[in-house]
Amino acid sequence: MLAFPAIRFYNPSMLAFQLYQLQGIDTRRDRLQAEIAALEAQLADQSAIEAAQAALKAAQAAWQKAATALRAAEAETAAVREKLQRTEEMLYSGRVRNPKELQDLQREAEALKRLLTQREDAELETMLAAEEAEAAFRQAEEKLRAVQHTRLQQESRWRGDLGNHRRALAALDKRRTEMLTTIPAETLAQYERLRAQRHGLAVATVTEGTCDACGAPLTPDILRSARSNTQLAFCPTCKRILYVP
Ligand SMILES: [Zn+2]
């Protein structure tokens with residue numbers, strides 16, 4: 001059996017086409033890898049839920065504090081009310097007959113009534129504050145539930161995308177490996193060097209006599225060379241390998 005000469009390995013215009021195809025694969029791989037990294041970062045980032053949890057915890061503490069203040073205010077009001085009740089009972093019991101004592105009791109009852117009004121006002125304010133604190137807590141609970149719900153939906157979508165991207169990347173990796181066997185090692189090294197130096201793009205297409213990567217016009221000599229079968233041609237400005245579609 002005759003061995004085929006490795007002509008397509010060393011046919012430069014074919015080589016330029018192969019490198020162009022390889023570039024297409026690598027560009028898609030780069031994009032997929034970036035998207036995979038972004039999705040992985042999104043999945044690892046729990047900050048939205050953590051923030052909602054922290055807000056809920058703070059709202060709970062504030063509500064507890066407000067509830068404690070309300071109980072204290074209620075106790076104070078009750079104490080004043082009880083004292084007033086005792087004073088009035090004494091005042092109207094008929095047991096105290098001394099006018100001076102009665103007058104003192106009367107004054108005390110009036111002072112206690114004023115104090116009770118103050119305490120009741122204060123209690124009402126504390127009650128409103130406690131109600132507000134409870135409403136804020138319920139709101140924070142609702143917010144956390146909403147954030148968790150959104151997160152679940154997002155995660156399911158992100159995991160789906162991640163799976164698709166990983167499968168697409170594996171398929172491209174396989175095609176790339178197959179393709180590498182048809183490109184001379186030296187050319188491949190040159191290609192990889194250019195990719196590293198030129199933001200991932202080693203091969204530039206040519207449109208209307210211009211390098212598509214950097215926009216530089218190409219001389220007729222270079223265009224001839226890019227179309228020829230004898231050598232790879234390079235853009236004189238950005239140094240990329242040229243491919244004429
Ligand atoms: Zn160029």
Side-chain angles (χ1 to χ4, degrees), residues 1-48 154-245:
M1 199 178 166
L2 276 174
F4 280 102
I7 205 150
R8 68 180 187 136
F9 284 14
Y10 301 108
N11 177 333
S13 71
M14 180 57 88
L15 195 53
F17 175 63
Q18 284 174 302
L19 290 173
Y20 168 70
Q21 284 187 310
L22 182 61
Q23 177 68 70
I25 287 174
D26 281 339
T27 301
R28 272 180 286 162
R29 283 172 74 247
D30 289 347
R31 210 158 43 221
L32 282 171
Q33 277 163 345
E35 279 171 25
I36 286 170
L39 285 168
E40 282 171 344
Q42 281 175 313
L43 280 163
D45 178 9
Q46 299 280 342
S47 61
Q154 283 174 328
E155 274 191 18
S156 134
R157 196 168 61 241
W158 292 340
R159 285 188 202 289
D161 289 349
L162 201 54
N164 290 339
H165 289 348
R166 282 186 179 141
R167 274 188 295 280
L169 184 62
L172 285 174
D173 284 346
K174 189 163 172 278
R175 271 193 65 195
R176 187 178 201 277
T177 307
E178 287 161 5
M179 189 163 263
L180 292 191
T181 61
T182 67
I183 299 171
E186 201 181 307
T187 309
L188 199 60
Q190 197 175 19
Y191 165 86
E192 293 293 7
R193 250 195 324 275
L194 274 169
R195 241 172 68 76
Q197 290 163 355
R198 304 276 171 234
H199 309 290
L201 192 70
V203 181
T205 48
V206 176
T207 308
E208 289 174 2
T210 305
C211 168
D212 286 336
C214 73
L218 303 166
T219 63
D221 269 0
I222 291 171
L223 285 173
R224 242 191 319 281
S225 156
R227 287 195 192 92
S228 82
N229 291 342
T230 54
Q231 58 191 319
L232 281 178
F234 297 87
C235 170
T237 306
C238 71
K239 318 293 181 210
R240 290 184 174 93
I241 300 160
L242 293 171
Y243 171 68
V244 187

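Order of listing sets the numbers, starting from 1, for every ligand and every atom in it. Count residues from 1 along the sequence.
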K.L.:
For T210, enumerate each residue passing the side-chain contact (heavy atoms from CB on, under 4.5 Å) test, keeping only those at least two apart in sequence or located in another chain.
P.N.:
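With neighbours one apart ignored, the set is empty.
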K.L.:
Going by side-chain contact (heavy atoms from CB on, under 4.5 Å), name the residues that satisfy it together with L162, two or more places apart in sequence or in a different chain.
P.N.:
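Result, side-chain contact (heavy atoms from CB on, under 4.5 Å) vs L162: I36, L39, E40, L43, R166.
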K.L.:
Under a 4.0 Å threshold between the charged nitrogen and the carboxylate oxygen, would K174 count as salt-bridged to E178?
P.N.:
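Answer for the salt bridge query: yes.
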K.L.:
Considering the Zn ion (ligand 1), could you give the total of protein N/O/S atoms lying closer than 2.8 Å?
P.N.:
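For the Zn ion (ligand 1), the figure is 4.
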K.L.:
Only distances under 3.5 Å count here; give the side-chain donor-acceptor pairs of residues 233-240 to other protein atoms, sequence neighbours excluded, each with its distance to 0.1 Å.
P.N.:
| unit_1 | atom_1 | unit_2 | atom_2 | d |
| --- | --- | --- | --- | --- |
| K239 | NZ | P236 | O | 2.8 |
| R240 | NE | L201 | O | 2.6 |
| R240 | NH2 | R198 | O | 3.2 |

K.L.:
Return yes if a side-chain donor-acceptor contact under 3.5 Å exists between T219 and D221, otherwise no.
P.N.:
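Not at all, the side chains of T219 and D221 share no donor-acceptor pair under 3.5 Å.
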K.L.:
Other residues, nucleotides and ligands only: do more than 12 of their heavy atoms fall within 6.0 Å of CD on Q46?
P.N.:
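Buried by this count: over 12 neighbours within 6.0 Å.
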